[in-house]
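Heavy-atom basis, side chains included; hydrogens, waters and symmetry copies ignored.
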Number of protein chains: 2
Amino acid sequence: MLRLSKLTDYGVLLMTHMAASDSGTYSAVALAEATRVPLPTVSKVLKLLSRQRLVESIRGPRGGYRLARSPARITVGEIVRCLEGGIALTECSRDDAECEQAPFCVSGNGWKRINAAVRDALGTISLADMAEPDFMPFFRLQRTIQVTEELS
Amino acid sequence: MLRLSKLTDYGVLLMTHMAASDSGTYSAVALAEATRVPLPTVSKVLKLLSRQRLVESIRGPRGGYRLARSPARITVGEIVRCLEGGIALTECSRDDAECEQAPFCVSGNGWKRINAAVRDALGTISLADMAEPDFMPFFRLQRTIQVTEELS
DNA sequence: CTTATATAGTACTAAATTAGTCCCATAAGG
DNA sequence: CCTTATGGGACTAATTTAGTACTATATAAG
Ligand code: FES
Ligand code: FES
């Protein structure tokens, strides 16, 4: 299904929640209740997010998590990359490791290009966009103008 | 990793091979040898592709598989949809089934939009593009022009 | 009509990945 | 201190995916 893991789904959900109602910091418990995601899982996801500094953590009583940057400056792509460990549709398109059957393969660069397109799509949508209920993405048009200028 | 299944990878690989050297029909055995993918697996993939009429099958001696349409008219997106059973990054974004935690969820439409972007990216790249070794995707530029015109 | 070749369908097993939970360590406020 | 909260890691269960095998069906050639 070309699916993201549930962990990633949760991650975006949690962060979007934080972006939507910005009451400063949230404890894992509070987020679990608000989103109906099981607490241990919420905890796990936030820990992962905090390692890559997508959220900041405050320990101790009155502690919790808060977004590390403003929602507009955090992209869905970053969250995906953090929780999935990269964005690569196929082995061949990973930046490291070469595919074992490269010598017999004609597809070569195609996948790399497709990946770039997907990364681009994910990298253009911010948490602020996700939190906006009637979000209509004109991101594609923005790109358009940009590229068109380059063209001429 | 936001990965496609290996089956999908194989599918694209096999069909790209058929697109590149169009010697009519290929038997599963021939394709397995050419691509170094294990025969039973090749067989499985081709069967799946044939059900959705992405390849045509000819039974009996001198039989095999061939592309159902010209390479330029088959998109990578179609192959992915066939072998992954759809293109949906999250539960919420599937056309059917509603996500169970929709009532508590703020992300709402965001995923649908992201999916549309990904689908768009996959649907714009054809087998002919994949088979082209030095494929430089101007697909985005093509879109650009298109959209720009609409803009005015 | 018989035989060899090749796909169709399906069922099954094994492997890998992912999800989810738990425990203990650490930090900080009251 | 003692309570609250995160940090890290390890572990188990569940799900998904990969791969294989077997039987049935179609067809071309002799
Ligand atoms: S299949 Fe990996 S390089 Fe093409
Ligand atoms: S998490 Fe499913 S609708 Fe938002």
Side-chain angles (χ1 to χ4, degrees), chain A residues 1-11 13-14 18 24-33 35-68 80 82-86 88-91 100-101, chain B residues 1-11 13-14 18 24-33 35-68 80 82-86 88-91 100-101:
Chain A
M1 273 277 196
L2 184 64
R3 253 207 214 82
L4 286 74
S5 75
K6 283 195 181 180
L7 250 40
T8 304
D9 199 353
Y10 294 153
L13 178 58
L14 293 170
M18 289 196 263
T25 75
Y26 298 81
S27 72
V29 185
L31 281 170
E33 278 168 7
T35 58
R36 304 304 204 224
V37 178
L39 173 56
T41 303
V42 169
S43 210
K44 181 178 193 173
V45 171
L46 288 171
K47 278 183 237 179
L48 290 170
L49 290 170
S50 123
R51 278 195 213 171
Q52 316 243 339
R53 307 281 166 181
L54 288 175
V55 300
E56 280 176 1
S57 65
I58 300 105
R59 307 226 275 199
R62 320 287 305 164
Y65 296 90
R66 70 172 157 228
L67 299 182
V80 172
C82 171
L83 293 174
E84 306 269 329
L89 265 50
T90 59
E91 287 299 325
E100 54 179 30
Q101 54 197 353
Chain B
M1 273 276 196
L2 184 64
R3 251 207 214 83
L4 284 72
S5 73
K6 284 195 182 181
L7 250 39
T8 304
D9 199 353
Y10 294 154
L13 178 58
L14 292 171
M18 289 195 263
T25 73
Y26 299 81
S27 73
V29 186
L31 281 170
E33 278 168 8
T35 58
R36 303 306 205 222
V37 177
L39 172 57
T41 303
V42 169
S43 210
K44 182 180 193 172
V45 171
L46 288 170
K47 278 182 238 180
L48 291 170
L49 290 170
S50 123
R51 277 194 214 171
Q52 315 242 339
R53 307 282 165 178
L54 288 175
V55 300
E56 281 176 0
S57 65
I58 299 106
R59 307 227 274 198
R62 319 285 307 164
Y65 297 90
R66 70 173 158 226
L67 299 181
V80 172
C82 171
L83 293 174
E84 307 268 329
L89 265 50
T90 60
E91 287 299 325
E100 55 181 29
Q101 53 197 354

Subject >> Residue pair B/Glu84 / B/Ser5, side-chain heavy-atom distance below 4.5 Å >> reply: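 Heavy-atom side-chain distance check passes, below 4.5 Å.
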
Original post:
Is there a side-chain contact between A/Thr41 and A/Leu7 (heavy atoms, below 4.5 Å)?
Top reply: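 A side-chain contact under 4.5 Å exists here.
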
Original post:
Are any of A/Arg3's side-chain N or O atoms less than 4.0 Å away from OP1 or OP2 of D/dT16?
Top reply: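 Answer is no, no contact under 4.0 Å.
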
**OP:** Considering just the side-chain nitrogens and oxygens of A/Ser5, establish if one lies under 4.0 Å of OP1 or OP2 belonging to C/dA19.
**Re:**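 For A/Ser5, the contact criterion (side-chain N or O under 4.0 Å from OP1 or OP2 of C/dA19) is met.
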
Protein-nucleotide distance ([X], atom [atom1]; [N], atom [atom2]), rounded to Å:
{"X": "B/Leu39", "N": "C/dA6", "atom1": "CG", "atom2": "P", "value": "11 Å"}
{"X": "A/Arg59", "N": "C/dA27", "atom1": "CZ", "atom2": "P", "value": "6 Å"}
{"X": "B/Leu31", "N": "C/dT7", "atom1": "CG", "atom2": "P", "value": "9 Å"}
{"X": "B/Asp9", "N": "D/dG19", "atom1": "CG", "atom2": "C1'", "value": "16 Å"}
{"X": "A/Leu48", "N": "C/dT18", "atom1": "CG", "atom2": "P", "value": "13 Å"}
{"X": "B/Tyr65", "N": "C/dA6", "atom1": "OH", "atom2": "C1'", "value": "8 Å"}
{"X": "B/Leu4", "N": "D/dA18", "atom1": "CG", "atom2": "C1'", "value": "15 Å"}
{"X": "B/Leu46", "N": "D/dG19", "atom1": "CG", "atom2": "P", "value": "15 Å"}

Original post:
Which is true for A/Ser50 with a 4.0 Å heavy-atom rule: it touches a base, it touches only sugar-phosphate, or it touches nothing?
Top reply: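 Sugar-phosphate, backbone atoms only, no base.
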
Original post:
In Å, rounded to the nearest 0.5 Å, how long is the span from CD of A/Glu33 to CG of A/Leu39?
Top reply: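 Rounded to the nearest 0.5 Å, the CD-CG separation comes out at 9.0 Å.
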
Subject >> Whichever of B/Gly63 and A/Gly60 has its nearest DNA chain C nucleotide further upstream toward 5' >> reply: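 Checking each residue's closest nucleotide, the 5'-ward one belongs to B/Gly63.
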
Subject >> Comparing B/Arg62 and B/Lys44 on DNA chain C - which has the more 5′ nearest nucleotide >> reply: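 Of the two residues, B/Arg62 wins.
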
